[in-house]
Amino acid sequence: MPRFYGVEIRSRMMLGTAQYPSPAILAEAFRASGAGIATVSLRRESGGGRAGSDFWTLIRELGVRVLPNTAGCHSVKEAVTTAHMAREVFGTTWIKLEVIGHTDTLQPDPFALVEAARILAADGFEVFPYTTEDLVVAGKLLDAGCEVLMPWGAPIGSGLGLVNPYGLRALRERFPDVPLVVDAGIGLPSHAAAAMEMGYDAILLNTAVAKAGDPAAMARAFALAVEAGAAGRAADPMEPRDMAAASTPEIGRAFLE
Amino acid sequence: MRIVLNGEPREIGSTRLDTALDELGYGGAAVATAVNGEFVPAGSREATELAPGDRLEVVTPRQGG
């Protein structure tokens with residue numbers, strides 16, 4: 001099972017908490033997924049509002065670790081300030097660091113991401129950077145103090161899956177000892193299984209479960225896919241080849257001409 | 001005085017952040033605060049003076065991906 005900043009997690013699935021039809025379905029989906037980590041955020045609330053405390057109570061009852069995000073931040077300053085606010089409210093040094101560089105694709109801004117990661121790591125945060133599969137950026141994030149990397153599979157909420165399998169494989173091979181999580185873009189259980197077969201330590205998804213017709217059933221499907229993919233990886237798969245190779249022995253075949 | 005609370009103008013009587021939060025109805029809630037874009041830790045609210053036009057952000061836990 002994956003270890004993030006010295007903490008062993010009971011599942012290779014990390015699940016977001018947004019967009020579910022109801023709090024009850026959110027809780028049901030979490031139970032079905034077996035996820036060990038829930039991502040959460042901070043948003044404005046009016047005085048006397050209950051939404052924040054009701055949500056926080058629900059999440060604490062799930063018995064999972066929380067990973068607050070800096071979703072929606074477009075600058076280093078916004079992301080760093082949001083991280084500080086999250087550390088105080090959620091009582092954790094973990095932060096999923098998002099610094100968005102492009103509105104349509106929600107692609108990370110790698111330059112701001114590295115700078116924010118350096119500031120936060122120096123300030124005692126344990127940073128989970130939402131990044132691309134770029135090898136150079138990955139190296140700079142590790143230099144900045146990150147001990148986990150979370151490359152995207154595809155743009156957030158797109159459900160397109162692993163659009164650059166070559167890049168994701170290269171990242172796995174380049175950093176064999178760094179915990180790697182495919183974060184964002186996963187739409188189907190088969191995408192999750194593929195990430196596991198590549199040797200990724202975990203996946204983080206949200207929309208694919210929350211927006212499914214039956215979120216709890218989809219959460220269960222993802223849990224099975226993650227388990228299957230990880231088991232397949234551990235079983236040392238065969239090497240693919242271009243030409244056929246008969247699996248049934250030629251020797252002893254009846255002569256029937 | 002008039003401040004900007006979460007993007008909306010608000011009249012408050014308090015001049016300190018901790019009492020302003022009580023006045024605005026946040027007493028006891030798990031919130032984080034920033035004034036003019038700078039994080040103000042809970043322990044510093046009592047010592048934080050507010051001035052007219054200050055931008056106060058108050059956030060609470062919410063769903064996220």
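Every chain is numbered from 1, with letters handed out A, B, ... down the list of sequences.
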Participant: How about CZ on B:Arg45, more than 12 heavy atoms from neighbouring residues, nucleotides or ligands closer than 6.0 Å, or not?
Facilitator: yes
Participant: Testing the basics here: between A:Ala18 and B:Gly65, what is the closest heavy-atom pair and its distance to 0.1 Å?
Facilitator: CB-N, 4.5 Å
Participant: So, for B:Thr60 and A:Gly52, which heavy atoms are closest and what is the spacing to 0.1 Å?
Facilitator: OG1-CA, 3.5 Å
Participant: Among A:Trp56, A:Phe55, A:Tyr130, single out the residue with the greatest number of heavy-atom pairs under 4.5 Å to chain B.
Facilitator: A:Phe55
Participant: Answer with side chain, backbone, both or neither: which region of A:Phe90 has an atom nearer than 4.5 Å to a non-hydrogen atom of chain B?
Facilitator: side chain
Participant: Any donor-acceptor pair under 3.5 Å linking the side chain of B:Asn6 with the backbone of A:Glu45?
Facilitator: yes
Participant: Please look at B:Ala29 and chain A and tell me whether the side chain, the backbone, both or neither of the residue comes under 4.5 angstrom of a heavy atom of that chain.
Facilitator: neither
Participant: Shorter than 4.5 Å, heavy atoms on both sides: which option in A:Ala51, A:Ala210, A:Ala184 has the most such pairs with chain B?
Facilitator: A:Ala51
Participant: Does the A:Thr81 side chain pair with the main chain of B:Glu38, one donor and one acceptor, at a distance under 3.5 Å?
Facilitator: no
Participant: Given a strict heavy-atom distance threshold of 4.5 Å, which part of A:Val40 is in contact with chain B: side chain, backbone, both, or neither?
Facilitator: both
Participant: Where does A:Glu98 contact chain B at under 4.5 Å (heavy atoms): side chain, backbone, both or neither?
Facilitator: side chain
Participant: I want to check something: taking the side chain as every heavy atom from C-beta on, are A:Arg44 and B:Glu57 in contact at a cut-off of under 4.5 Å?
Facilitator: yes
Participant: Using a 3.5 Å distance criterion without hydrogens, assess whether the side chain of A:Arg43 forms a donor-acceptor pair with backbone atoms of B:Arg62.
Facilitator: no
Participant: Is the number of heavy atoms from other residues, nucleotides or ligands under 6.0 Å of A:Phe111 CZ greater than 12?
Facilitator: no
Participant: Counting only non-hydrogen atoms closer than 4.5 Å, can you tell me which residues of residues 46-54 of chain B sit against chain A?
Facilitator: none
Participant: Top residue by heavy-atom pair count (under 4.5 Å) with chain B, among A:Asn69, A:Thr207, A:Thr82, A:Ile59?
Facilitator: A:Asn69
Participant: Between B:Ala32 and A:Glu88, which heavy-atom pair has the shortest distance, and what is it?
Facilitator: CA-OE2, 4.1 Å
Participant: Pick whichever of A:Ser53, A:Gly47, A:Gly16 has the most heavy-atom pairs under 4.5 Å with chain B.
Facilitator: A:Gly47
